[in-house]
There are 2 protein chains.
Amino acid sequence: MNTATKEKKTTPKKSKMDFQSFVSRIENMILTGKFKPRERLIEAALSEMFGVSRYTVRDAFKVLETKGLVTVTPFRGVVVSELSQQEVEEIFVIRAALEQVALRLSAQNSTAVDIKVLRKMVKKFEDAHRDDDFVVMVAADTNFHDYAFQMSRNKTLRRMINDLRNRCHIIRYSAWSSPTILEQVMEEHRLIVDAIEARDVAALNKLSERHISHGKEAYLLRLKAENALLR
Amino acid sequence: MNTATKEKKTTPKKSKMDFQSFVSRIENMILTGKFKPRERLIEAALSEMFGVSRYTVRDAFKVLETKGLVTVTPFRGVVVSELSQQEVEEIFVIRAALEQVALRLSAQNSTAVDIKVLRKMVKKFEDAHRDDDFVVMVAADTNFHDYAFQMSRNKTLRRMINDLRNRCHIIRYSAWSSPTILEQVMEEHRLIVDAIEARDVAALNKLSERHISHGKEAYLLRLKAENALLR
DNA sequence: GACATCAATATTGTTAACAAATTACCCGGC
DNA sequence: GCCGGGTAATTTGTTAACAATATTGATGTC
């Protein structure tokens, strides 16, 4: 059998970038703070930078707009979204509700393997914390939560939660400023895994609520600090 | 100077349709069943029909795609989304969580005026029911819920709920098939308003759960009937 | 008659050129 | 020095032509 047909599907052709991965790249640049809130994104520049057509860039903007990451104003282009405190509050209320449901479902569906994977991910976070590697920590945190939400076996829910989390992504304002918060986060991760293992819904609800509340505080704190600097 | 500059902002020019209203028109045609699930939407046809450019049509498709109303496949165009039973189940789980939160917030924020408005809306539904006017009933139902969610004063939440509700819009499969369900719906509406007025969160949670559960049953029933017909 | 192959058609994807709007800049007046 | 007006440059919005892909239909073979 010749391999050409098989390869066609597996290799997405380096010469022409996949639209979805192009969107992801811009998304990542926003999440990692390469593009900062209020910064204007210019079609021609991005088109040049990534070697795609202006048209593709516009399409990507539309997607990012509905995800809430950029704001489009007719004839004035797009800027990286900046969340008001009001919006942050709104989003965290929603996240609290959705993540509680997700963890409840995950607890119901959890297997021994899942628990092992989660514990491994918690450890990865802790290792990164020991090494003081902020970037790895953020990745580990994201992976931990995403795995936990994936366990809910509700794809729609998982995607909605991830979109909301991205809108208040940690690195965008480099939250987690204080070391105390970090210790709390790690402790809460451990407890969440325990509660999932025990399928203890009541405990999960409380933990989830608290965990998100801490996330919100850290985020708002950082947001205020940034704003104070800018004005 | 001439008055054109002032008018420019207030009158959106009838000759050129606003992008947002164009999207809404397609959206409505999907929701009201003018475009049916699995039906293919052709750029050129819509472009011709509404007198807008193909480009605008494509943009609209992108928006509708992220709202979950259409599905885009490269080089194969877009079709009106058809939800699998799995997806419907997923969506209703999420709706239950979000609508509970929304109603809880609404109860906290409710004023005497709000209650009056809600009661009026319930009555409008009941009147339409007496007149056997299905279309008005759907509109009244939508308005009732939207007003209740608006009262939560959480715009993000309100929009998310509305998007989810649209994905399982009543008319798309003409749910509410049985008269018994309709009686239940009306009774629940009355009870929900009462609970909001009394700010009785526990009651609201139960009512909300039940109301959505009924909605889900009606929808799934109709979905199955449609599928049985098609296959 | 069913199936595969290939051409014709229809539809989507991409690009480039052009129009419209905004922004930036310069200049004169006060 | 600062404000207003107007022009130039930048950037976005639109259109139309062209390329790539999928779908359809016809043809021929078994």
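Chain letters run A, B, ... following the sequence lines, proteins first, then strands; residues in each count from 1.
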Pair up each side-chain donor or acceptor in residues 148-155 of chain B with any protein partner under 3.5 Å, not counting sequence neighbours, and list the distances.
from     : atom 1 : to       : atom 2 : distance (Å)
B/Ser152 : OG     : B/Phe149 : O      : 2.6
B/Ser152 : OG     : B/Asn154 : N      : 3.3
B/Arg153 : NH2    : B/Asn109 : O      : 3.2
B/Asn154 : OD1    : B/Thr156 : N      : 3.3
B/Asn154 : OD1    : B/Leu157 : N      : 2.9
B/Asn154 : ND2    : A/Glu90  : O      : 3.4

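If you measure from atom OH of A/Tyr55 to atom C1' of C/dT12, you get 9 Å, rounded to the nearest angstrom. Per the geometry, CD belonging to B/Glu65 stands 14 Å off P belonging to C/dT12, to the nearest Å. The separation between B/Phe22 atom CZ and D/dT14 atom C1' is 14 Å, rounded to whole Å. In this structure, B/Glu48 atom CD and C/dT11 atom C1' are separated by 15 Å, rounded to whole Å. Spacing between atom CG of A/Asp59 and atom P of D/dT14 amounts to 14 Å, rounded to whole angstrom units.
For B/Arg104, the side-chain contact (heavy atoms from CB on, under 4.5 Å) test picks out B/Val101, B/Gln108, B/Val201, with sequence neighbours left out. Scored by the side-chain contact (heavy atoms from CB on, under 4.5 Å) test, B/Ser47 finds B/Arg54, B/Val57 as partners (sequence neighbours excluded). By the ring-ring contact (aromatic ring centres under 6.0 Å, His included) test, A/Phe144 is found to be paired with A/His189, residues two or more places apart in sequence or in another chain being considered. Remark: A/Asn28 engages A/Leu31 in a side-chain contact (heavy atoms from CB on, under 4.5 Å) (not counting sequence neighbours).
Using a cut-off of 4.0 Å between Lys/Arg side-chain N and Asp/Glu carboxylate O, A/Lys36 and A/Glu82 are scored as not salt-bridged.
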Detail all sub-3.5 Å separations between protein N/O atoms and N/O atoms belonging to nucleotides 8-12 of chain D.
from   : atom 1 : to      : atom 2 : distance (Å)
D/dT11 : O3'    : A/Arg40 : NH2    : 3.4
D/dT12 : OP2    : A/Glu43 : N      : 3.4
D/dT12 : O3'    : A/Phe75 : N      : 3.3

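Residue A/Ser53 has no polar side-chain atom (N or O) positioned under 4.0 Å from OP1 or OP2 of C/dT14.
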